[in-house]
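A, B, ... follow the sequence lines: proteins, then strands. Residue 1 opens every chain.
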Protein chains: 2
Amino acid sequence: MNGRAGGPVTIGAMESSSTTPGGSARREATRQKLYEAAVTLIAEQGFSATTVDEIAERAGVAKGTVYYNFASKSVLFEELLRHGVGLLTASLREAAERTAREGGSRVDALDAMIRAGLVFIDRYPAFTQLYVAELWRTNRAWQSTLLVVRQQAVAVVEDVLREGVANGEFSEEIDVPLTAAALVGMVLVAALDWQSFQPERSLDEVHAALSRLLQGRAGGHR
Amino acid sequence: MNGRAGGPVTIGAMESSSTTPGGSARREATRQKLYEAAVTLIAEQGFSATTVDEIAERAGVAKGTVYYNFASKSVLFEELLRHGVGLLTASLREAAERTAREGGSRVDALDAMIRAGLVFIDRYPAFTQLYVAELWRTNRAWQSTLLVVRQQAVAVVEDVLREGVANGEFSEEIDVPLTAAALVGMVLVAALDWQSFQPERSLDEVHAALSRLLQGRAGGHR
DNA sequence: GTTTTTGAACTGACTGGTCAGTGCAAAAAC
DNA sequence: GTTTTTGCACTGACCAGTCAGTTCAAAAAC
């Protein structure tokens with residue numbers, strides 16, 4: 001019943017994390033199942049249109065279990081958000097560090113992060129959908145959670161840009177926050193478009209197109 | 001009560017259009033009010049979380065009037081989408097044509113379209129929010145409408161890219177559909193981020209940052 | 001024996017959609 | 001030029017259905 005093909009869409013792992021320090025293994029497994037059920041349903045239908053009964057049914061647990069494990073539908077959603085973005089930032093940071101370790105330039109680091117972003121989106125398309133759909137809303141309960149979560153992800157990109165400016169690799173004229181936002185947006189939207197409207201393309205093709213754009217070989221080839 | 005400052009957020013004008021060929025002036029005015037009310041509410045809360053009562057109240061009409069003018073809540077939303085994207089594509093196309101008329105290159109055309117996109121988003125932030133939030137959802141009633149509407153907007157960008165490849169201005173290696181999607185995404189996300197998280201920046205600053213990125217002056221300055 | 005899950009019943013608030021009826025400006029009848 | 005009729009646009013109370021969240025006794029897992 002997964003809109004998209006592919007194996008189990010595990011959003012979790014990410015160790016026990018801050019969510020519940022002393023959760024038993026069994027409980028953690030139940031939460032995991034609930035995350036997975038919730039992420040796909042909410043991505044498809046949106047938060048409000050998704051019922052708790054649906055989530056419980058898809059996770060294969062009783063409705064009471066949802067409320068035994070989470071205080072409310074909103075809380076379940078917020079913890080899900082934190083969970084997923086933790087994974088993403090870890091993956092981005094890892095890519096940047098690996099590049100640095102291997103003596104690559106900052107452009108190489110950005111390129112590696114683009115790929116890491118694409119891999120993440122390819123693996124957890126539902127999470128990405130849901131994130132984009134909710135990020136720019138206003139007046140919602142979890143607005144503050146989203147703000148933190150966004151800052152975490154964008155900060156990784158900003159760091160690399162700043163390092164590049166510091167070591168002279170990038171022009172000092174670049175606007176770090178805006179450029180970081182634009183880069184994240186480019187990857188996010190290109191990837192979602194790929195998944196939704198051009199699923200026949202390979203990850204490498206998408207990566208190549210974005211890489212070219214990053215290095216300015218689209219506007220005026222040389 | 002408009003989340004953002006500024007004058008009346010008229011999404012309409014766009015002449016009588018195809019929606020209702022023989023609508024009376026009064027009726028058209030009512031529909032316009034309903035569009036304006038719906039676009040901000042749905043952008044803030046999402047489609048499902050927005051009630052028809054709310055829309056009616058904000059528009060200053062009775063609930064029955066909504067159903068007198070639109071078959072259902074979904075139909076109101078679909079017509080709203082078509083309405084807004086019509087405006088956007090018209091604006092993008094106009095920018096591209098103006099540039100061509102003035103003898104600019106295709107890069108100039110892309111640049112002009114970026115600015116036109118930013119101006120549009122600045123003027124109708126709610127519509128943009130709503131569009132992004134709903135575009136990549138699956139299994140929704142208006143999925144087909146969105147597909148058409150997206151294709152319209154992206155096609156304008158693709159056309160310019162193709163022309164650029166044809167006249168040798170762009171490398172033949174560029175992947176037109178993917179690059180177009182990435183460009184649109186870059187503008188969309190950068191603009192939304194600007195509005196939501198960096199509202200102190202001016203349109204010119206945002207435009208400059210995106211322009212630089214387009215011309216590759218971010219990755220490897222020259 | 002303690003923790004976790006189950007599953008079904010229940011509540012109270014809310015929602016999309018309906019419909020009989022109102023207001024009113026222009027046309028028709030006189 | 002006054003009265004009557006027409007029908008479009010709008011109204012808002014109402015209804016049937018839905019949903020988040022609660023409760024709890026009993027079973028299952030640990």
Side-chain angles (χ1 to χ4, degrees), chain A residues 12 16 19-42 44-81 130 134 139-142, chain B residues 12 16 19-42 44-81 130 134 139-142:
Chain A
S16 41
T19 31
T20 327
S24 76
R26 183 151 83 113
R27 223 177 146 173
E28 208 50 49
T30 304
R31 294 171 92 103
Q32 189 64 42
K33 282 195 289 182
L34 285 169
Y35 283 152
E36 285 168 28
V39 78
T40 55
L41 285 167
I42 297 179
E44 280 170 17
Q45 309 173 323
F47 176 81
S48 308
T50 301
T51 69
V52 175
D53 288 283
E54 277 177 316
I55 296 174
E57 191 194 337
R58 167 127 12 158
V61 303
K63 186 179 183 180
T65 307
V66 177
Y67 285 93
Y68 182 77
N69 282 282
F70 298 96
S72 69
K73 188 185 169 187
S74 308
V75 168
L76 162 56
F77 182 58
E78 277 187 61
E79 297 198 7
L80 172 60
L81 279 175
L130 163 167
E134 298 293 339
N139 309 332
R140 300 226 87 174
W142 52 79
Chain B
S16 41
T19 31
T20 329
S24 74
R26 179 159 172 228
R27 214 174 154 177
E28 208 50 48
T30 305
R31 293 171 92 102
Q32 189 63 43
K33 281 195 290 182
L34 286 170
Y35 281 152
E36 284 167 28
V39 79
T40 54
L41 285 168
I42 297 179
E44 280 170 17
Q45 309 173 325
F47 176 81
S48 306
T50 301
T51 70
V52 176
D53 287 282
E54 278 177 316
I55 296 175
E57 191 192 338
R58 168 134 2 162
V61 302
K63 187 178 185 176
T65 306
V66 177
Y67 285 93
Y68 182 76
N69 282 282
F70 298 95
S72 69
K73 187 185 169 188
S74 309
V75 169
L76 162 57
F77 182 58
E78 278 187 60
E79 297 198 7
L80 172 60
L81 279 174
L130 162 169
E134 298 292 340
N139 309 335
R140 302 225 87 174
W142 52 77

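- Classified by interplanar angle (parallel below 30°, tilted 30° to 60°, perpendicular above 60°), the ring pair F47(B)/F77(B) is tilted.
- Nucleotide dT5(C) holds its C1' atom 17 Å from the CD atom of E57(A), rounded to whole Å.
- In this entry the distance linking CZ of F70(B) with P of dG16(C) reads 16 Å, nearest Å.
- For R31(B) and dC10(D), the CZ to C1' distance is 14 Å, given to the nearest whole Å.
- Scanning all heavy atoms of the two residues, the minimum distance from A49(B) to E54(B) falls at O-OE1, 3.8 Å.
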### Message
Base contacts versus sugar-phosphate-only contacts with protein, heavy atoms under 4.0 Å: please encode nucleotides 16-23 of chain D as B, S and - from 5' to 3'.
### Response
---SBBB-
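- Using a 4.0 Å cut-off, no side-chain N or O of T65(B) falls inside it from OP1 or OP2 of dA9(D).
- Counting only residues at least two apart or in different chains, side chain to side chain donor-acceptor pair (under 3.5 Å) contacts with residues 64-77 of chain B comprise R27(B)-N69(B).
- Pair assignment for dC30(C) gives dG1(D), based on Watson-Crick or G-U wobble hydrogen-bonding distances that are each under 3.5 Å.
- The phosphate of dC10(D) has OP1 or OP2 within less than 4.0 Å of a side-chain N or O from N69(B).
- Residues L80(B) and L130(B) share a closest heavy-atom pair of CD2-CD1, 4.2 Å.
- Straight-line distance from the CZ atom of R27(A) to the P atom of dT2(C): 17 Å, rounded to whole Å.
- Nearest approach of T50(A) to L41(A), heavy atoms of both residues: OG1-O, 3.3 Å.
- For A59(A), the side-chain contact (heavy atoms from CB on, under 4.5 Å) partners two or more places apart in sequence, or in a different chain, are K33(A), L34(A), A37(A), V61(A).
- Atom-to-atom, OH of Y68(A) to P of dA27(D) comes out at 18 Å; the value is rounded to the nearest Å.
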